[in-house]
Amino acid sequence: MKLISGNANRPLAEAIATYLNQPLTKCLVRRFADMEIFVEIQENVRGEDVFIIQPTSFPTNDHLMELLIIVDAARRASARRITAVVPYFGYARQDRKPGPRTPITAKLVANMIERAGADRVLTIDLHAGQIQGFFDIPVDNLYAAPVMVQDLKRHYDLENVMVVSPDVGGVVRARALAKRIGAQLAIVDKRRERPGESEVMNIIGDVHGRACILVDDIVDSGGTLCNAAEALLEQGAQEVSAYITHGVLSGGAVARIAASPLKELVITDSIQPTEAVRVASNLRVISVAELLGEAVRRTAEERSVSSLFY
Ligand code: R5P
């Protein structure tokens, strides 16, 4: 087995390597003067089972190109099998046509990864499970939920917890987490009654006096999250926290979350946390390195990965 990291999240790749007791393969990923990417795998990978660890997070286009170019280099170096380990799969939110003449980037990126030469993909909490079907190669879509549940058990009194989906689209994900901890489920239903009017937040479920845990796959601008937290507190929730897999946290999101009434936001290290995230008082990062490391080990040993899904 060979583990190769791009530049998107080296600390996560190193943590996976430590878990597997296996060094990262030396791989040079650098830029020409015009910012074209150059890759040189500096060890022999002929006939090897190669895992390339690279979330396609900000700057998404650069990290995606790095991934494709490393896959290409590994394929041309005669790797036996190439697994693209993409903890955060960028471009996934454009997974259908919301209107005429719009793209489906999740499918486009799937095509690109496959065409570059990947034989398998390993990822966590895909924005929509059906994106697996956009590939014609095996895709293991792990869930961060088991890691979140462990952390929830350590930090919260589960008797008083209510799991909340911040929008109708996230109900399946939130319900699955609620089931794991035996908690009830509430839903924030955003509605725009008439075009041009602002959205009204309706809470489905009685959150009064409860410690609410918002669950989502992505926090980007933080808008969905902070609005939901305010609506829950208005409805009498005792406190509101959130567990979200991918901390995209664009623009002023960290400041927005720091200024919000959220008790804390827990994200994973699927995307490398910035310095702003590390110093924010109500943001905490839990690691998916062991989960990914175990999935890598089982893939390499041709053992079942599905038990890690549950
Ligand atoms: C949307 O479908 C996703 O699950 C997230 O709710 C969304 O991407 C969050 O975005 P933001 O933080 O910008 O509101």
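Just follow the structure's listing: the first ligand is 1, and inside any ligand the first atom is 1.
The shortest contact between atom 8 (O) of ligand 1 and any protein heavy atom is with Arg93 NH1, 3.3 Å. Nearest protein heavy-atom contact of atom 3 (C) of ligand 1 is Asp217 OD1, 3.6 Å. From the protein, the heavy atom lying nearest to atom 1 (C) of ligand 1 is His127 CE1, 3.7 Å.
If you check each of Ile218, Asp95, Thr224 against atom 5 (C) of ligand 1, the one with the closest non-hydrogen atom is Ile218.
Atoms of ligand 1 found under 4.0 Å from any heavy atom of Asp167 (numbered from 1 in listed order, with element): 6 (O). Close approach of ligand 1 to Val219 (heavy-atom distance below 4.0 Å) involves ligand atoms 12 (O).
Looking at heavy atoms from C-beta onward, Ile257 lies in side-chain contact with Leu249 at the 4.5 angstrom threshold. Residues Leu265 and Arg284 fail the side-chain proximity criterion, which asks for heavy atoms closer than 4.5 Å.
At a threshold of 4.0 Å, the pair Glu290-Arg297 does not count as salt-bridged, since none of the basic side-chain nitrogens sits closer than that to a carboxylate oxygen. Checked for salt-bridge contact, Arg93 and Asp220 meet the test: a charged N lies under 4.0 Å from a carboxylate O.
The CG atom of Asp49 sits 7.5 Å away from atom CD of Glu302, with the distance rounded to the nearest 0.5 Å.
Within the 4.0 Å heavy-atom cutoff, Gly169 does not count among the residues contacting ligand 1.
Checked by atom type and distance alone, the side chain of Asp119 pairs as donor or acceptor with a backbone atom of Ile82 at under 3.5 Å.
With a 4.0 Å cut-off on non-hydrogen atoms, Val248 does not touch ligand 1 at all.
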